[in-house]
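Notes for the one structure printed next.
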There are 2 protein chains.
Amino acid sequence: MPKFLDSLPMILSRSLDGIMPVYRTLFQEHAITDQQWRVMRALWEQKHLTSRQIAEITLLPSPSLVGILDRLEKKGFVGRLRSIEDRRLVYIVPTQAGRELQELMLPKIEQIHDSFTQKVTPEEWGELNRILEKLNEYKTTSEIASGNRV
Amino acid sequence: MPKFLDSLPMILSRSLDGIMPVYRTLFQEHAITDQQWRVMRALWEQKHLTSRQIAEITLLPSPSLVGILDRLEKKGFVGRLRSIEDRRLVYIVPTQAGRELQELMLPKIEQIHDSFTQKVTPEEWGELNRILEKLNEYKTTSEIASGNRV
DNA sequence: GTTTTATTATTAATATGTTAATGATTAATA
DNA sequence: TATTAATCATTAACATATTAATAATAAAAC
């Protein structure tokens, strides 16, 4: 009889709820949101990325990305460039101010990351990644079918 | 040099992104959302809970809960009852329809849960919980200070 | 007992998530 | 090459998250 609080969505949500505020303190100092930073971070060491690529890298849904990019554009951190070869594509390009924001924030982000990884052993960190991946392994067709049938 | 995609927020988000659709298929069959189910699930085997209690159990922010409860009330799954002893409190009570929804969904929810836990060994499941808790352990005052300073 | 402080639920304002649909464009195929 | 199918970004409609503020009530302190 698995208890509600021990379900996978709950333990992952609880973990995220505990982790994000640590990052959010930094984000607020720069007046951007979690999601907006994700986009800027994805553009690190990139000349440009299409909206679609950013969605894949950041895990942000495309429809949400439209507004997120609007606000980043309004803040002057990125620009939009319509591709000439394939006019369906829109390249997202970090501006000078965007690059400066990246340079400013990235070291601190990595510091926070280190502070988390150092709470566990390297073996535990590896285990965490391995177990999570195992939980997310693709299901076989029959498993999906039975999963949808319940 | 920790890579973006290996950061703690990203691996947890990626995991959630992979997990939730499995549940969501069931939720959609009953025309409710993730959050709405969380509330109903919290009320399982409970006569009533205050809004605050539900927020704590479900991890849903109080301001969000107002709307979520509004919609659950409109669907006829819960009722609101103002407490007499302490008139600040509002008791959330599952209706008959709400109880039936719980009875209907809970076994399937537990099936899904089992399908996930069975993807890993019991030891791995324990490890996952232990490592996540370790990552979320309360910081000491000095650690918080240095964390905010970066 | 009245002023102060805490607590509970809620509202407000803004940002994002979710699902489905759309317009513009390109690729694939008959 | 005319048609059909696929792709990309975006819009639309609704639900939720985040932070700060508020109204009502209760508990604490004076």
Side-chain angles (χ1 to χ4, degrees), chain A residues 9 13-14 16-17 19-40 48-56 58-75 77-92, chain B residues 9 13-14 16-17 19-40 48-56 58-75 77-92:
Chain A
S13 299
R14 202 159 46 234
L16 264 175
D17 281 2
I19 285 159
M20 290 318 295
V22 182
Y23 285 92
R24 214 160 274 153
T25 302
L26 171 61
F27 295 151
Q28 288 180 331
E29 290 174 16
H30 299 273
I32 65 173
T33 66
D34 309 12
Q35 294 80 194
Q36 288 170 15
W37 168 252
R38 273 202 201 185
V39 172
M40 295 311 297
H48 57 244
L49 291 173
T50 67
S51 184
R52 191 182 194 324
Q53 289 174 314
I54 294 179
E56 279 171 5
T58 60
L59 307 179
L60 298 172
S62 285
S64 302
L65 209 43
V66 177
I68 295 170
L69 290 172
D70 284 347
R71 286 174 282 270
L72 280 175
E73 200 175 6
K74 189 176 296 179
K75 291 178 183 175
F77 292 139
V78 304
R80 276 179 167 99
L81 276 180
R82 179 71 61 172
S83 165
I84 302 178
E85 317 90 59
D86 186 340
R87 294 177 44 75
R88 290 170 302 183
L89 306 180
V90 173
Y91 290 122
I92 309 301
Chain B
S13 299
R14 201 160 47 236
L16 264 175
D17 281 1
I19 285 160
M20 290 318 296
V22 183
Y23 285 92
R24 215 160 274 152
T25 302
L26 172 61
F27 295 151
Q28 288 179 332
E29 290 175 16
H30 299 274
I32 65 173
T33 66
D34 308 13
Q35 294 81 192
Q36 288 169 16
W37 168 250
R38 274 201 199 184
V39 172
M40 295 312 296
H48 57 243
L49 291 173
T50 68
S51 183
R52 189 182 195 325
Q53 289 174 315
I54 294 179
E56 279 170 6
T58 60
L59 306 179
L60 297 172
S62 285
S64 303
L65 210 42
V66 176
I68 296 169
L69 290 172
D70 284 346
R71 286 174 282 271
L72 281 176
E73 201 174 5
K74 190 177 295 180
K75 290 178 184 176
F77 292 141
V78 304
R80 275 179 166 101
L81 276 180
R82 178 71 62 172
S83 165
I84 303 178
E85 318 89 58
D86 186 340
R87 294 178 46 75
R88 291 171 302 185
L89 305 181
V90 173
Y91 290 123
I92 307 302

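Quick caveat, the model's predicted, so the values are computed rather than measured. Convention: sequence-line order gives letters A, B, ...; per-chain numbering from 1. The figures that follow rest on heavy atoms only: side chains count, while hydrogens, waters and symmetry mates do not.
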With heavy-atom distances below 4.5 Å as the criterion, would you say the side chains of A:Thr50 and A:Tyr91 are in contact?
yes
Can you find a heavy atom in the side chain of B:Ser62 that is under 4.5 Å from one in the side chain of B:Arg52?
no
OP1 or OP2 of D:dT16 versus the side-chain N and O atoms of B:Thr33: is any pair under 4.0 Å?
yes
Could you check which of D:dC8, C:dT18, D:dT18 has an atom nearest any side-chain atom of B:Ser64?
D:dT18
Rounded off to whole Å, could you give me the NZ-to-P distance for the B:Lys75 and D:dC14 pair?
13 Å
In Watson-Crick or G-U wobble terms, with both distances under 3.5 Å, the base opposite C:dA12 is D:dT19
Here the distance between atom P of C:dT14 and atom CG of A:Asp34, to the nearest Å, is 19 Å
Atom-to-atom span, CZ of A:Arg71 to P of D:dT10 - whole angstrom:
13 Å
Starting at the 5' end of DNA chain D, which residue's closest nucleotide do you reach first, A:Ser62 or B:Glu85?
A:Ser62
Assuming nearest nucleotide by heavy-atom distance, tell me which of A:Arg24 and A:Arg80 is located more 5' along DNA chain D.
A:Arg80
Of all the choices, D:dA17, D:dT10, D:dT25, which nucleotide is nearest to the side chain of B:Asp86 once you look at every atom?
D:dT25
side-chain N/O A:Gln53 vs D:dC8 OP1/OP2, d < 4.0 Å
no
Give the rounded distance in Å between these two atoms: CZ of B:Arg82 and P of D:dA24.
11 Å
Under 3.5 Å, is there any donor-acceptor pair linking the side chain of B:Arg87 to the base of D:dT25?
no
Passes side-chain contact (heavy atoms from CB on, under 4.5 Å), B:Val39 versus B:Leu49? Steps please.
CA-CA 10 Å; B:Val39 172; B:Leu49 291 173; over 6 Å; no
Mind checking B:Val66 for me? I need base, sugar-phosphate or nothing, with any heavy atom below 4.0 Å counting as a touch.
base
Select one nucleotide: of D:dT18, D:dA26, C:dA9, the one nearest the side-chain heavy atoms of B:Pro61.
D:dT18
Nearest nucleotide by nearest heavy atom, which residue falls closer to the 5' end of DNA chain C, A:Arg38 or A:Ile84?
A:Arg38
In whole angstrom, what separates A:Leu65's CG from C:dG17's C1'?
12 Å
Do the side chain of A:Arg88 and the base of D:dT7 come within less than 3.5 angstrom through a donor-acceptor pair of N or O atoms?
yes
From the candidates D:dA9, C:dT10, C:dG17, the one with an atom nearest any side-chain atom of A:Val90 is D:dA9
Separation of D:dT16 C1' from B:Gln36 CD (nearest whole Å)
10 Å
Whole angstrom value for the distance that separates P of D:dA17 from CE of B:Met20
11 Å
Using a 3.5 Å distance criterion without hydrogens, assess whether the side chain of B:Lys75 forms a donor-acceptor pair with backbone atoms of B:Ala31.
yes
Pair B:Leu59, B:Arg38 - check side-chain contact (heavy atoms from CB on, under 4.5 Å), show working.
CA-CA 9 Å; B:Leu59 306 179; B:Arg38 274 201 199 184; 3.9 Å; yes
If I take atom CG in residue B:Asp17 and atom P in nucleotide C:dG17, what distance separates them, rounded to the nearest angstrom?
10 Å
Under a 4.5 Å cut-off applied to non-hydrogen side-chain atoms, are A:Arg82 and A:Leu89 in contact?
no
